[in-house]
Amino acid sequence: MRYNYGEIEKKWQKFWDENDTFKARGDQSMPKFYGLVEFPYPSGHGLHVGHPRGYTAIDIIARKKRLEGYNVLFPMGWDAFGLPTENYAIANKIHPAVVTSDNIKNFKRQLKMLGFSFDWSREVNTTDPAYYKWTQWIFLKLFERGLAYKTKMPINFCTGCKVGLANEEVVGGVCERCGSEVVQREKSQWMLKITAYAQRLIDDLDGLDYIEKVKVQQRNWIGRSEGAEVKFALRGTDDAVTVYTTRPDTLFGATYMVLSPEHPYLEKYRERIKNYDEVSEYRARAAKKSEFERTEIAKEKTGVALEGLTAVNPVNGKEIPVWISDYVLVTYGTGAIMAVPAHDTRDWEFANKFGLPIIEVVSGGGDVQKEAYTDVADGIMVNSGFLDGMAAKDASAAMIRFLEENGLGVKRVNYKLRDWVFSRQRYWGEPIPLVCCDKCGYVPLPESELPLTLPETEDFAPGGDGESPLAALTDWVNTVCPKCGGAARRETDTMPQWAGSSWYFLRYTDPANNDFLAGMDALKYWLPVDWYNGGMEHTTLHLLYSRFWHKFLYDLGAVPTKEPYQKRTSHGMILGENGEKMSKSRGNVVNPDDIVRDFGADTFRTYEMFIGAFDQATPWSMQGVKGCFKFLERVWGLQAIMTDGAEYSPALESAVHKTVKKVTEDIDRMKFNTAVAALMSLLNEVTKAGSITKGEYSALLVLLNPFAPHITEEIWQRIGNKGTITDGAWVTFDPAKTRDGEIEIVVQINGKVKDKLVVGADEDTETVKAKALAREKVRELLDGGEIVKVIVIPGRLVNIVARG
RNA sequence: GCUCGAGUGGCGGAAUUGGCAGACGCCUUGGACUUAAAAUCCAAUGUCGGCAACGACGUACCGGUUCGAGUCCGGUCUCGAGCACCA
């Protein structure tokens, strides 16, 4: 009987569908497990082999949890608004809803073909009005609470197409489609005040079981720093330039100031700035650069001195020049800095290039005329008036006290985190449910009018001059103000794709609810998500946005937990066979359909888990796929050498117990590759033994089931077991039977392995030491040399340290 | 540039706490089976030297700590991810 994966997989997938095998139970007395994977963006390319890596991992955990007696929620849905669908729709003149629906059909077919244990009855789709009704509702609540506001923000503007562009559509400073120059242009945008939650987003990480690198990335992205806001008076005006600095200790060393090219004072003091033309030309150049081009340290600094403006250092009354430079960003701090070239690398480079004075105020480094000294730890203050002689690490606090006492500045906590730009001038997104009335300003739609559905149109292309395509639909745009009844216009911007994905995990708990985003009963039972796996690339944006929304909903009383996800893990990328990122242009894309056709879903799943360390990027290998296929074929072949009996045989008992322990622990730690290796080793032992009992075979099948669910159910049935593996229980092990009575240990001389020795597992160190020293080979090698000491590591080794 | 990772045989990788480096799989080579090939099974497989026993070297590079370092510390190089309008 050959292993006919095609037939077997079809058979079991049908069985699971017909029996609702993986439907989450309504029984709230059971312990629950909510496993979550990032729902995919259903692109036209179909499933990428990268998607199933994380899905298989959580599927394995979900399947094991079910066998361990948990009520498991493992749902799937579609994050379906977004740019690529819209662009495809524009290019091919097909409605994005049609494109989306086709893509979802294909994705769903592919996911079903891989045998994931999703509860398909809870499928959600962010583009479904019944879903985005609640996305809009959340926005209205944010608006009500003052957390949504409008402000001018720079956008990428294509000078050819006359439309706003996403960063991704800007390649090398030009428009991806038409090749025209892209400039930064101010546009009024809806913003969400995520910064109001910055501190809570940092603090609440402590109680979460996120992998460490994710926590670190989130903390650094939020970027909390402590420092001071200091006012530098502008000579000849009543104004002062406020700067934020994390190094108030170095204030005496501030020898010039730098404003960002977008700083409002440039307009305000236009008359005083004698070289305004030069300044304005510099600003135009800066507008063409993206932010990280501007802050690149390796690149030569540029800037222009503002002739006619002079600032005063508040601590020593010295006049210092004011410059503008694009390395200062208007979006961070106050958009202006005090420059201390002696103790900041970027300031040093700038001062060095433009011949500005460099004054040392922290001693302990080298010559500050040659290199900036940025270390605080061991420095002593010099040239700093009342701070002189103080340890640099104490000087910041002393300076802040001085500034506050004299009204020159205040202590200030600052965050790198910026508010969330929430509007897009695009068609394929949730309409923002606001109306703009000349009398009343922005007025929210009443809840009863939600969802505000996307209006029908033939033309999804962005409007000219950077407007949303919705702006052209005057019948839709012109409406009445819900407040005063007067003529008003609808907001024509839509929400970014991030909106729908910020709360989807809530909807899964109660997807058909018409009265609320999800019922409190369901939320209380299922939240928080117990285990959320996704790509490292979502660590800072999606993960932070959804934590922010969740906290906001918690404050509203709409959800019962402060945090959405208790545990967060991350998988590595799957690369092409040549070790490069998979892409059409590189021609190294692997299609899951081909692999399933040629080897089956079980092989595909097993290979994706065996491919390498789960959290590391790994290249695909067709040979590796074949190896896993061979492994499953051999497991199938064991039917021929199976003997009856539920017991474990003496030959294999210990190996089975060890494997159960290993696989159980490895799955919990996401060491899927070594779990598969352990199962392969057990198979090798069985092959050596020449036979396997039904009991041993059954244990092997349960362990392998989460990885390869179809073949294991099929064999389970064929060897005459009752029911299905899925309805049964996980296997257990006896710790006593995983330990060996005798172990081989190593004898080292000066750290080099020289001999091996078999000892009892319980023998005490003195006996082991004596046995090692008594070995003939050891005595020969020592040959009269002096033994300095002997180190015995129980169960591992004896190391004899000798001289001579 | 900033933040976070990673570098181990021909290849993917393994090595819970510092304790036999290379588990498991792939590739390759030899053998069995076959008219033959494929498939399958058995064996070898880090490098160098040696018939062998065995010896030396070996975890990106330089240095340090330790009886002992892939693992810890300091520095360097290379590669990958993210950088706020791709998702």
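In what follows, chains carry the letters A, B, and so on, assigned in the order in which the sequence lines appear, proteins first and then strands, with residues in each chain numbered from 1. All figures in this text were calculated on a predicted structure; none of them were measured in a lab.
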| request: Examine the side chains of A:Gln189 and A:Gln425 and answer whether a donor and an acceptor come within less than 3.5 Å of each other. | output: yes

| task | Could you please name the option among B:A23, B:C85, B:G12 that lies closest to any side-chain atom of A:Ala677? | result | B:A23

| query | Looking across every strand, which nucleic acid part, if any, lies under 4.0 Å from A:Thr618 by heavy atom: base, sugar-phosphate, or nothing? | reply | sugar-phosphate

| remark: A:Thr674 has its side chain closest, among B:G19, B:A14, B:C85, to B:A14

| query | A:Tyr41 near the nucleic acid: base, sugar-phosphate alone, or nothing, with a heavy-atom cut-off under 4.0 Å? | reply | sugar-phosphate

| Do A:Trp620 and A:Tyr607 have ring centroids that are under 6.0 Å from one another? | yes

| message | Check this one for me: any side-chain N or O of A:Arg634 less than 4.0 Å away from OP1 or OP2 of B:C41? | response | yes

| message | From C-beta outward on A:Met680, which listed nucleotide comes closest to its side chain: B:C85, B:G25, B:A87? | response | B:G25

| query | Would one find a side-chain N or O of A:Lys416 under 4.0 angstrom from OP1 or OP2 of B:G82? | reply | no

| query | Could one point to a donor on the side chain of A:Asn799 or the base of B:C67 with an acceptor on the other under 3.5 Å away? | reply | yes

| said: Heavy atoms only, 4.0 Å cut-off, all strands: where does A:Ala678 land among base, sugar-phosphate and nothing? | reply: nothing

| Touch check for A:Leu417, heavy atoms < 4.0 angstrom, all strands: base, sugar-phosphate only, or nothing? | base

| field | A:Thr331 vs B:A84: side-chain N/O to OP1/OP2 distance below 4.0 Å | value | no

| said: Taking the C1' atom in each of B:G74 and B:G22, what is the distance between them to the nearest angstrom? | reply: 28 Å

| request: Looking at every strand, decide which applies to A:Arg426 at a 4.0 Å heavy-atom threshold: base, sugar-phosphate, or nothing. | output: nothing

| field | Side chain of A:Lys777 - closest among B:A81, B:A87, B:G55 | value | B:G55

| message | Looking at A:Glu665 and A:Lys661, is any side-chain nitrogen of the basic one under 4.0 Å from a carboxylate oxygen of the acidic one? | response | yes

| said: If you assign A:Asn750 and A:Val214 each to the RNA chain B nucleotide with the nearest heavy atom, which residue ends up on the more 5' nucleotide? | reply: A:Val214

| Can a donor-acceptor pair be found between the side chains of A:His538 and A:Glu38 at a distance below 3.5 Å? | yes

| message | Under a 4.0 Å threshold between the charged nitrogen and the carboxylate oxygen, would A:Glu491 count as salt-bridged to A:Lys150? | response | yes

| query | Which part of the nucleic acid, if any, lies within contact of A:Val216, taking any heavy atom under 4.0 Å across all strands shown: a base, the sugar-phosphate backbone alone, or nothing? | reply | sugar-phosphate

| field | Cation-aromatic face contact A:Arg568/A:Tyr532, 6.0 Å, 45 degrees | value | yes

| What does A:Glu665 touch in the nucleic acid at a heavy-atom separation under 4.0 angstrom: a base, only the sugar-phosphate, or nothing? | base

| said: Under 4.0 Å from OP1 or OP2 of B:C4: is there any side-chain N or O of A:Asn220 that close? | reply: yes

| request: For the side chain of A:Met573, starting at C-beta, report the closest nucleotide among B:A81, B:C85, B:A14. | output: B:A81

| Is the shortest distance from a Lys or Arg side-chain nitrogen in A:Lys777 or A:Asp755 to a carboxylate oxygen in the other one below 4.0 Å? | no

| task | Would you classify A:Ser423 as touching base, sugar-phosphate or nothing, given that sugar-phosphate means primed atoms plus P, OP1 and OP2, and contacts are heavy atoms under 4.0 Å? | result | base

| query | Any idea which of B:G19, B:A84, B:C57 is nearest the A:Lys752 side chain? | reply | B:C57

| field | Any A:Lys213 side-chain N or O less than 4.0 Å from OP1/OP2 of B:G5 | value | no

| task | Sticking with atom P, work out how far B:C61 lies from B:C51, rounded to a whole angstrom. | result | 31 Å

| request: Among the candidates B:C85, B:C4, B:C20, find the nucleotide nearest to the side-chain atoms of A:Gln217. | output: B:C4

| field | B:A32 and B:G80, which share atom name C1', separated by this distance in whole Å | value | 46 Å

| said: With a cut-off of less than 4.0 Å, is there a side-chain N or O of A:Gln623 near OP1 or OP2 of B:C27? | reply: yes

| request: Can you figure out which of B:C27, B:C86, B:A6 approaches the side chain of A:Gln616 most closely? | output: B:A6

| request: Looking at every strand, decide which applies to A:Ile611 at a 4.0 Å heavy-atom threshold: base, sugar-phosphate, or nothing. | output: sugar-phosphate

| said: I'd like the C1' distance from B:U8 over to B:U59, given in whole Å. | reply: 4 Å

| P atoms of B:A23 and B:C77, separation to the nearest Å | 34 Å

| field | Spacing of A:Met582 atom CE relative to B:G80 atom P, expressed in whole Å | value | 16 Å

| field | Sugar-phosphate, base or nothing in reach of A:Val746, heavy atoms under 4.0 Å | value | base

| Between OG on residue A:Ser654 and CZ on residue A:Arg739, distance to nearest 0.5 Å | 11.0 Å

| said: Taking the C1' atom in each of B:C24 and B:G13, what is the distance between them to the nearest angstrom? | reply: 9 Å

| request: Under 4.0 Å between any heavy atoms, over every strand shown, what does A:Asp615 touch: base, sugar-phosphate, or nothing? Just pick one. | output: nothing

| Donor-acceptor pair present, A:Lys756 side chain and B:C20 base, under 3.5 Å | yes

| request: Remember a base hit wins even if backbone is also touched, and classify A:Leu575 as base, sugar-phosphate or nothing at under 4.0 Å, heavy atoms. | output: nothing

| note | Intra- and inter-strand pairing of RNA chain B, written as dot-bracket with Watson-Crick and G-U pairs under 3.5 Å and | for the latter, reads (((((((..(((......[....))).(((((.......))))).((((....))))..(((((..]....))))))))))))....

| Considering only side-chain heavy atoms of A:Lys630, which listed nucleotide, B:U40, B:C20, B:A81, is closest? | B:U40

| message | Using heavy-atom distances to pick each residue's nearest nucleotide on RNA chain B, tell me which of A:Trp221 and A:Lys789 is more 5'. | response | A:Lys789

| Where does B:G7 land, syn or anti, given syn is within 90° of 0? | anti

| query | Any side-chain heavy-atom pair from A:Pro735 and A:Phe733 closer than 4.5 angstrom? | reply | yes

| task | For B:G50 versus B:C57, give the span between their C1' atoms, rounded off to a whole number of Å. | result | 15 Å

| Is the closest side-chain donor-acceptor distance between A:Tyr41 and A:Thr85 under 3.5 Å? | yes

| remark: So, with a heavy-atom separation below 4.0 Å from RNA chain B, the residues of residues 535-543 of chain A are A:Glu537, A:His538, A:Thr540, A:Leu541

| query | Would you say A:Lys671 reaches B:A15's phosphate, i.e. side-chain N/O to OP1/OP2 under 4.0 Å? | reply | yes

| said: Once you measure the plane-to-plane angle for A:Trp428 and A:Phe81, does it fall in the parallel (<30°), tilted (30-60°) or perpendicular (>60°) bin? | reply: perpendicular

| So what does A:Glu38 touch, heavy atoms closer than 4.0 Å: a base, only the sugar-phosphate, or nothing? | nothing

| request: Nearest whole angstrom, please: distance from the C1' of B:A84 to the OH of A:Tyr197. | output: 20 Å

| With a non-hydrogen cut-off below 4.0 angstrom, is A:Glu577 in contact with a base, only sugar-phosphate, or nothing? | nothing

| Within a reach of under 6.0 Å around OH of A:Tyr332, are more than 12 heavy atoms found that belong to other residues, nucleotides or ligands? | yes

| query | Quantified in whole Å, what is the P atom distance between nucleotide B:G63 and nucleotide B:C54? | reply | 32 Å

| Does a nitrogen or oxygen in the side chain of A:Arg418 sit under 4.0 Å from OP1 or OP2 of B:A84? | no

| message | If we count only N and O atoms by modelled type, under 3.5 Å, do the side chains of A:Ser468 and A:Asp493 hold a donor and an acceptor together? | response | no

| request: Just compare B:C20, B:G12, B:C4 and give me whichever is closest to any side-chain atom of A:Val753. | output: B:C20

| message | For A:Arg219, I'd like to know if atom CZ has over 12 heavy atoms of other residues, nucleotides or ligands within 6.0 Å. | response | yes

